[in-house]
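Computed over heavy atoms, backbone and side chain alike; hydrogens, waters and symmetry mates excluded. All figures in this text were calculated on a predicted structure; none of them were measured in a lab.
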Amino acid sequence: MVTRFAPSPTGFLHIGGARTALFNWLYAKHTGGRFLLRIEDTDRARSTDAAIAAILDGLQWLGLDWEGEPVFQFARAERHKEVAYQLLESGNAYRCYSTPEELEAYRAEADAARKALSEAKKAGASAEEIARLEAALAAKPRVFSSPYRDGRTPPAPDAPFVIRLKAPREGETVVEDEVQGRVQWANKDLDDMVLLRSDGTPTYMLAVVVDDHDMGITHVIRGDDHLTNAARQKQIYNAMGWDVPTFAHIPLIHGPDGAKLSKRHGALGVDAYRAMGYLPDAMRNYLARLGWGHGDDEIFTTAQAADWFDLDAIGRSPSRFDFAKLENLNGVYIRNTPDAELVRYIREVLPTLEDADYFCARANENTWQQLEAAMPGLKERAKTIKELVKSAEYLVATLQPIEARGDLNASNSTISGVTIVADRVPIQPDEKAAKILSPEARKHLAALHQRFAALETWDVASIEAATRAYAEETGAKLGNIAQPLRAAATGRTVSPPVFDVLAVLGRDEALARIADQAG
RNA sequence: GCCCCCUUCGUCUAUCGGUUAGGACGCAAGAUUUUCAAUCUUGAAAGAGGGGUUCGACUCCCCUAGGGGGCGCCA
């Protein structure tokens with residue numbers, strides 16, 4: 001089994017394309033086959049190197065590895081041309097000298113005839129008149145029929161021409177689709193497609209067939225916007241006497257409102273999902289469940305997905321993209337990922353992460369260790385990596401941003417190439433936290449500071465014990481003590497368990513923060 | 001306009017002629033609690049409409065409605 005993903009590099013890798021790639025990849029894994037990549041860059045005007053880079057980058061991030069080097073379609077133009085001429089020689093194609101202008105005029109006439117008929121009907125024209133218009137319309141079907149198909153002489157010996165497939169006029173073209181079932185078209189509805197343009201370059205329809213054949217593709221899994229193309233492509237396979245691959249046309253993904261995916265909701269590049277803080281494993285799991293299912297299984301490993309994946313379990317109706325479900329799934333994956341791995345991932349994507357500037361500008365080597373120590377508390381309340389980093393800001397809240405550090409002098413030191421600033425800046429509590437820090441709360445902080453300073457060991461258990469003892473002695477509710485502590489330690493009213501926070505911060509920093517707010 | 005595809009809770013889906021139509025997300029209520037989450041329990045929530053076929057249809061067929069895709073010397 002050989003599958004392929006064949007994007008055209010005219011933009012980023014969007015979510016629908018990513019799922020198509022995933023399905024092809026899963027099917028190859030499932031069958032122990034190969035998954036290849038082909039860049040369909042024959043549209044020279046719209047293809048860009050940036051788009052190619054974005055597609056490769058997106059696939060890599062998703063972990064969808066392809067075998068060998070990607071095939072660049074444009075580089076194979078000579079081969080495509082060769083096949084077009086082969087078809088010409090075998091009588092399965094012909095030179096068509098109709099100009100684009102003539103085609104346009106023909107289609108305009110066909111449209112006009114159609115419109116004339118419908119208007120006549122609406123106006124209640126006579127049966128005679130309607131019959132006449134119907135006959136006129138029948139003489140001009142929407143599908144173009146070239147006068148050169150049957151050997152009309154060229155307008156001039158050196159007139160420009162395209163090569164068209166001499167497609168069958170009678171009968172039907174049938175596609176046995178693994179997802180859509182048996183689909184058939186009357187051949188009269190399929191026109192003679194252009195194979196080679198007048199400038200000698202191949203069209204997409206020809207290039208796809210030739211490349212899929214030459215690459216040995218056995219299974220073509222793609223969006224169902226290509227369903228009609230499958231019929232036309234089959235005609236080329238037949239004309240060449242080639243084996244037709246198995247087709248599987250999967251429904252498109254729609255936006256939350258059921259309409260076509262637009263930039264506002266889901267049609268973002270996969271890089272945008274990385275920036276929003278979704279894990280590639282969660283993305284794969286979510287995408288796999290969109291249009292495909294395996295009983296009641298919702299969360300599964302990639303190995304399981306590959307094991308279970310099959311074409312006959314792909315649904316035929318389009319599905320909507322649901323961010324809420326993706327978020328939930330992402331949260332599950334975050335919670336199930338080991339702390340060290342999360343830290344490694346965060347370090348890797350931090351520069352491309354949304355809303356991570358604050359953390360990124362302040363993080364130093366020590367931060368990464370603290371982050372890992374704080375991770376159990378952080379990952380339990382984050383649905384995205386973006387949220388996680390946001391809630392980890394308290395770790396670096398008393399550090400100067402990198403650009404400000406340049407102004408500071410001798411007190412700075414450097415660890416692993418990162419400048420560490422000796423000077424701390426007290427935390428600026430946010431509005432809600434400031435409210436918590438009442439005069440009374442500040443007195444509690446002062447008392448706690450004393451007790452904490454006297455602790456022999458600085459860990460969660462001893463900090464909590466000291467706090468609870470203090471609450472009990474003063475008769476204060478634990479909540480009324482914990483919240484001021486949280487506000488002092490993080491500057492916010494929401495955080496991981498406050499004793500964890502204090503422990504992670506370390507005795508010196510924790511005491512300093514309490515002192516900053518104590519009254 | 002023509003051709004093709006689709007239609008189960010709000011969303012993703014299970015069911016492949018016989019089920020109290022199941023699960024998940026989301027939503028609501030409760031438990032837990034140092035905040036927020038997480039977790040646990042419970043609840044509301046669906047076969048587009050109309051005809052057939054059948055002892056029996058969500059499941060098979062037809063029509064209607066709605067949604068989507070295609071109809072290029074784009075891919």
Closest approach of A:Leu388 to A:Ile346 (non-hydrogen atoms, all atoms of both residues)
CD2-CD1, 3.9 Å
Quickly work out the A:Ile481 CD1 to B:rU33 C1' distance and round it to whole Å.
17 Å
Under 4.0 Å, heavy atoms only, any strand: does A:Thr493 hit a base, just the sugar-phosphate, or nothing?
base
A:Asp322 CG - B:rC27 P separation (whole Å):
11 Å
Return yes if the base of B:rC4 and the side-chain atoms of A:Thr228 contain a donor-acceptor N/O pair under 3.5 Å, otherwise no.
no
Taking any heavy-atom pair under 4.0 Å as a contact, classify A:Thr490: base, sugar-phosphate, or nothing.
nothing
Can you see whether A:Asp192 engages A:Tyr94 through a side-chain donor-acceptor pair at a distance of less than 3.5 angstrom?
yes
Checking base pairs now: Watson-Crick or wobble, both atom distances under 3.5 Å. What partners B:rU20?
none
Within the supplied structure, the quantity of interest is the number of heavy atoms (other residues, nucleotides, ligands) at a distance under 6.0 Å from A:Gln86 CD; does it exceed 12?
yes
Do A:Asp211 and A:Gln73 have side-chain atoms, one donor and one acceptor, less than 3.5 Å apart?
yes
Closest to the 5' end of RNA chain B, once A:Val494 and A:Leu290 are matched to their nearest nucleotides, is A:Leu290
What integer distance in Å separates A:Glu109:CD from B:rG1:P?
22 Å
Remember a base hit wins even if backbone is also touched, and classify A:Tyr286 as base, sugar-phosphate or nothing at under 4.0 Å, heavy atoms.
nothing
Tabulate protein N/O versus nucleotide N/O from nucleotides 62-64 of chain B, keeping only pairs under 3.5 Å, one per line.
none

Touch check for A:Glu327, heavy atoms < 4.0 angstrom, all strands: base, sugar-phosphate only, or nothing?
nothing
Tabulated below should be each protein N or O lying under 3.5 Å from an N or O of nucleotides 38-48 of chain B; please produce it.
unit_1 : atom_1 : unit_2   : atom_2 : d
B:rA38 : O3'    : A:Arg335 : NH1    : 3.1
B:rU39 : OP1    : A:Arg335 : NH1    : 3.3

Provide the distance between the two P atoms, one in B:rG72 and one in B:rC63, to the nearest whole Å.
27 Å
So A:Thr99, base contact, sugar-phosphate only, or nothing? Heavy-atom distance under 4.0 Å.
base
Could you tell me whether A:Asp41 contacts a base, only the sugar-phosphate backbone, or nothing, with contacts defined as non-hydrogen atoms closer than 4.0 Å?
nothing
Take atom P in B:rC12 and the same atom in B:rC3, then report the distance between them in whole Å.
29 Å
Provide the Watson-Crick or G-U wobble partner of B:rG1, both distances under 3.5 Å; none if there is no partner.
B:rC71
With distance as the sole criterion, is a donor-acceptor pair present between the side chains of A:Ser495 and A:Arg486 under 3.5 Å?
yes
Proximal nucleotide (of B:rG22, B:rA75, B:rC12) relative to the A:Asp43 side chain:
B:rA75
Closest nucleotide of RNA chain B for A:Leu227 versus for A:Trp292: which of these residues is on the 5' side?
A:Leu227
Give A:Val183 one of three labels, base, sugar-phosphate or nothing, depending on what nucleic acid heavy atoms sit under 4.0 Å from its own.
sugar-phosphate
Taking only N and O in the side chain of A:Thr467, is any of them less than 4.0 Å away from OP1 or OP2 of B:rU34?
no
Within the structure shown, what part of the strands sits under 4.0 Å from A:Ser198 by heavy-atom distance: base, sugar-phosphate, or nothing?
base
B:rA24, OP1 or OP2 - any side-chain N/O from A:Arg289 closer than 4.0 Å?
no
Base, sugar-phosphate alone, or nothing: which one does A:Gly223 contact when heavy atoms must sit under 4.0 Å apart?
nothing
Please confirm whether A:Tyr106 and A:Phe144 have ring centers closer than 6.0 angstrom.
yes
Can you tell me the distance, in whole Å, between the CD1 atom of A:Ile253 and the P atom of B:rG67?
21 Å
Could you tell me the separation between the CG atom of A:Leu326 and the P atom of B:rC25, rounded to a whole number of Å?
14 Å
Selected nucleotide, minimal atom distance to A:Arg316 side chain, candidates B:rG23, B:rC73, B:rC6
B:rC6
Checking base pairs now: Watson-Crick or wobble, both atom distances under 3.5 Å. What partners B:rU33?
none
Kindly say whether the aromatic ring centers of A:Phe321 and A:Tyr273 come within a distance under 6.0 Å.
yes
Using only side-chain N and O atoms of A:Arg232, determine if any of them is under 4.0 Å from OP1 or OP2 of B:rC71.
no
Electrostatic pair A:Glu104-A:Arg107, nearest N-O below 4.0 angstrom
no
Does OP1 or OP2 of B:rC73 have a side-chain N or O of A:Arg107 closer than 4.0 Å?
yes
For A:Pro496, which contact category applies under a 4.0 Å heavy-atom criterion: base, sugar-phosphate, or nothing?
base
Roughly how far apart, to the nearest Å, are B:rA21 and B:rG43 at atom P?
16 Å
Span that lies between the C1' atom of B:rG22 and that of B:rU54, in whole angstrom:
26 Å
For A:Thr302 and A:Arg284, test the side chains for any donor-to-acceptor distance below 3.5 angstrom and give the result as yes or no.
yes
If we take the C1' atom in both B:rA57 and B:rC40, what is their distance in whole Å?
39 Å
May I have the distance from A:Phe144 (atom CZ) to B:rC3 (atom P), rounded to whole angstrom?
21 Å
Looking at B:rU59, which nucleotide sits across from it as a Watson-Crick or G-U wobble partner, both distances under 3.5 angstrom, or is there none?
none
Name the nucleic acid region contacted by A:Gln180, choosing base, sugar-phosphate or nothing; use a 4.0 angstrom heavy-atom cut-off, strictly under.
sugar-phosphate
Please classify the nucleic acid contact of A:Pro497 as base, sugar-phosphate, or nothing, using heavy-atom distances under 4.0 Å.
base
From C-beta outward on A:Arg468, which listed nucleotide comes closest to its side chain: B:rU13, B:rA75, B:rU34?
B:rU34
Is there a donor on the side chain of A:Asp225 or the base of B:rG70 sitting less than 3.5 Å from an acceptor on the other?
no
In whole angstrom, give me the gap between the P atoms of B:rC61 and B:rG67.
23 Å
Please give me the minimum heavy-atom distance between A:Cys96 and A:Arg164, naming the atom from each residue.
SG-NE, 3.4 Å
In terms of heavy-atom contacts, does CG of A:Asp199 have more than 12 from other residues, nucleotides or ligands at under 6.0 Å?
yes
Please state how far atom CD1 in A:Ile436 lies from atom P in B:rC36, giving the value in whole angstrom units.
11 Å
Aromatic centroids of A:Phe12 and A:His14 separated by under 6.0 Å
no
Measuring only the C1' atom in each nucleotide, how far is B:rA29 from B:rG70? A whole number of Å is fine.
49 Å
Is any side-chain N or O of A:Arg320 under 3.5 Å from a base N or O of B:rU11, one able to act as donor and the other as acceptor?
no
Would you mind classifying the nucleic acid contact of A:Val162 as base, sugar-phosphate or nothing, using non-hydrogen atoms under 4.0 angstrom?
base
Quick check on the 6.0 Å ring-centre criterion: do A:Phe309 and A:Trp292 meet it?
yes
Consider only side-chain N and O atoms of A:Arg46 and A:Ser8, and report whether a donor and an acceptor are under 3.5 Å apart.
no
Hey, does A:Arg486 reach any base, or is it just sugar-phosphate, or nothing, if we go heavy atoms under 4.0 Å?
base
If I pick the P atom on B:rG68 and the same atom on B:rG30, what distance separates them, to the nearest angstrom?
41 Å
Would you mind reading off the distance between A:Ile163 atom CD1 and B:rG72 atom C1', rounded to a whole angstrom?
18 Å
